[in-house]
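Sequence lines set the chain letters: A, B, ... in the order given, protein chains first and strands last, and positions in each chain run from 1. All values below come from the heavy atoms of this structure, side chains included, with hydrogens, waters and symmetry mates left out.
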Protein chains: 2
Amino acid sequence: MTQIVSFRNHSTPSGMPPLSVHDLRTGCSTCSMRELCLPVGLDNDDMVRLDQIIRRRRRVPKGHLLYRAGDPFVSLYAIRLGHFKTYQTHREGTQQITGFLMTGEMLGMDAISSEVHQCDAMALEDSEVCEIPFSQLEQLFSEIPTLLRQFHRMMSHEITREQGVMLLLGSMPADQRFAAFLVNLSSRYAVRGFSASSFHLRMGREEIGNYLSLTIESISRLLSKFKKMEILKVDNRTINITDLPRLRRVAAGTETI
Amino acid sequence: MTQIVSFRNHSTPSGMPPLSVHDLRTGCSTCSMRELCLPVGLDNDDMVRLDQIIRRRRRVPKGHLLYRAGDPFVSLYAIRLGHFKTYQTHREGTQQITGFLMTGEMLGMDAISSEVHQCDAMALEDSEVCEIPFSQLEQLFSEIPTLLRQFHRMMSHEITREQGVMLLLGSMPADQRFAAFLVNLSSRYAVRGFSASSFHLRMGREEIGNYLSLTIESISRLLSKFKKMEILKVDNRTINITDLPRLRRVAAGTETI
DNA sequence: CGTGAATTTGACCAATCTCAAGCCTGGTGG
DNA sequence: CCACCAGGCTTGAGATTGGTCAAATTCACG
């Protein structure tokens with residue numbers, strides 16, 4: 001692992017072509033399940049069956065909840081378009097964000113065990129998801145072994161991702177955490193065919209701080225520090241990484257500030 | 001969730017009878033996979049097929065590695081007896097412990113996605129595991145749907161557990177973290193039919209500190225503090241919880257110290 | 001332009017770490 | 001059986017990172 005932290009890594013196996021704008025417009029082709037099956041030799045019949053299940057779409061406007069903690073678990077959701085955050089709520093009020101998810105990533109896997117959703121999932125912008133009824137998916141597993149295998153990879157990948165966050169929260173100082181966060185976003189946008197160096201933050205400083213267990217003030221100070229170091233330019237929520245290699249070194253702890 | 005933190009929760013669905021000493025002596029009956037299938041109506045035939053796969057046992061002496069990061073992923077392991085820790089290694093030297101596992105719990109699920117183990121697994125005492133070759137398990141999935149469903153629950157449960165640790169590392173002060181750690185151990189021993197109030201720590205202060213992202217000194221001070229508060233008694237690595245309700249309140253943050 | 005929310009910046013504070021010393025404890029050899 | 005040693009643990013004092021509080025600034029948007 002050259003990159004120690006891997007927040008929510010893209011769910012796409014490496015080697016997969018990045019999504020094109022065309023993909024974003026046609027059917028459910030950005031759904032994780034479908035994506036994941038393309039490179040592993042599902043035949044056309046299988047694809048059709050998969051599509052029959054995941055065809056249902058649902059729009060979620062900015063700020064609205066896709067599901068909330070306590071809801072019965074019925075479906076997994078693959079993000080077709082947009083961004084989400086997942087968070088758990090403590091005692092009245094305090095929330096802890098457990099992940100930021102983008103196009104092609106999957107929501108709801110943590111609910112399989114208890115059959116109840118463990119967190120809220122909120123759209124950070126107007127978004128659209130594919131609903132995948134889990135019981136139907138399970139049926140399909142028996143018919144399409146490849147699909148099952150990919151599903152296992154996704155679950156396992158989520159476990160690995162969370163271990164990365166544990167590592168980050170557990171043993172990185174603030175600057176390293178934040179750098180790792182930015183590097184992670186950058187890679188995930190790159191995989192999706194967007195710029196790795198310039199992107200728009202869909203979440204506010206407060207949400208970033210919450211996720212990284214830092215205060216909003218710390219995030220702000222770190223942004224200023226990175227700006228001064230000429231690692232990046234900031235225009236409100238637009239980030240422009242001017243020295244990605246250095247940012248990576250900061251994230252890795254190789255370069256102390 | 002009354003108990004906010006759920007480190008490595010027991011993998012047994014609630015309502016399952018705790019393991020008896022008898023269980024510990026007969027065959028592979030403590031393997032997670034087997035355990036998990038008992039209450040969900042696997043018939044005898046299925047059970048036999050499962051046993052054929054998981055029959056292979058392996059002893060791991062204290063301090064030895066079951067697998068190490070980078071090893072190719074071949075099997076999952078269910079702990080038959082003993083305790084393990086899993087940890088990732090940073091740059092030369094530093095390690096971050098990601099979990100402590102006990103009898104009946106499963107190791108290796110994080111390796112499915114990459115087909116390479118992501119962490120080292122070391123025995124904290126002389127231990128014994130059942131080896132479950134994953135490819136054979138996959139074959140069995142198609143024959144025994146119930147088994148597959150249980151497997152998904154286990155994966156999902158691991159995701160939930162890690163979210164709990166994220167919550168813990170992200171938003172709890174030191175005393176709360178350590179209390180949560182002890183409450184968690186206590187519950188897991190209770191489920192296994194051991195005393196909830198008195199148990200032996202298999203890991204040193206340093207390992208606890210590493211897991212909770214606290215220094216060894218902090219752990220030591222917290223032990224002293226809890227002793228003074230008459231929440232517990234400590235004799236070396238033997239913990240005796242004298243006021244579990246209060247410890248729970250500290251863990252929950254209800255009772256500030 | 002005006003208004004409230006989000007962000008930035010500064011000064012100070014507190015939780016936790018670091019460093020350093022001393023203390024048990026269990027194992028070993030005389 | 002006892003003394004000694006090494007490793008792990010405890011305790012104290014001071015340093016640091018990141019948090020808190022407060023004020024100033026900028027931005028989004030009507």
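Remark: P of dT26(D) and CG of L223(A) are 16 Å apart, rounded to the nearest angstrom. One can place NZ of K227(B) at 11 Å from P of dC24(C), the figure rounded to the nearest angstrom. Separating the CD1 atom of I208(A) from the C1' atom of dG18(D) is a distance of 17 Å, rounded to the nearest angstrom. Protein atom CG of D235(B) is 11 Å distant from nucleotide atom P of dT10(D), rounded to whole Å. If you measure from atom CE of M172(B) to atom C1' of dT16(C), you get 17 Å, rounded to the nearest angstrom. Nucleotide dC17(C) holds its C1' atom 14 Å from the CD atom of E206(B), rounded to whole Å. What separates NZ of K225(A) from C1' of dT9(C) is a distance of 15 Å, to the nearest Å. Spacing between atom CD of E207(B) and atom P of dG7(D) amounts to 16 Å, rounded to whole angstrom units.
Contact of R221(B) with dG12(D) (side chain to base): a donor-acceptor pair of N or O atoms is detected under 3.5 Å.
Checked against dT16(C), dG19(D), dT11(D), the side chain of S218(B) finds its nearest nucleotide in dT16(C). Distance from the side chain of I216(A) is smallest for dT7(C) among the nucleotides dC17(C), dC21(D), dT7(C).
A close approach under 4.0 Å does not occur between any side-chain nitrogen or oxygen of R237(A) and OP1 or OP2 of dA28(D). Considering only side-chain N and O atoms, S224(B) lies under 4.0 angstrom from the phosphate OP1 or OP2 of dT11(D). For the OP1/OP2 pair of dC17(C) and a distance below 4.0 Å, the side-chain nitrogens and oxygens of T215(B) include at least one atom meeting the criterion. Of the side-chain N and O atoms in N236(A), one or more sit less than 4.0 angstrom from OP1 or OP2 of dA28(D). OP1 or OP2 of dT10(D) has at least one side-chain nitrogen or oxygen of R205(B) nearer than 4.0 Å.
Residues R57(A) and E128(A) are paired through a salt bridge, judged by an N-O separation under 4.0 Å between the basic side chain and the carboxylate. In this structure, E207(A) pairs ionically with K85(A), as a charged nitrogen and a carboxylate oxygen lie closer than 4.0 Å.
Backbone-only engagement by L214(B) is indicated by non-hydrogen atom pairs under 4.0 Å involving sugar-phosphate atoms exclusively.
Comparing E217(A) and D175(A) along DNA chain D, the residue whose closest nucleotide (by nearest heavy atom) sits nearer the 5' end is D175(A).
Residues S198(A) and S195(A) have side chains that never bring a donor and an acceptor to within less than 3.5 angstrom of each other. Side-chain contact check for S75(A) and E131(A): at least one donor-acceptor pair (N or O, by modelled atom type) lies under 3.5 Å.
Checked by atom type and distance alone, the side chain of Q118(B) pairs as donor or acceptor with a backbone atom of V116(B) at under 3.5 Å.
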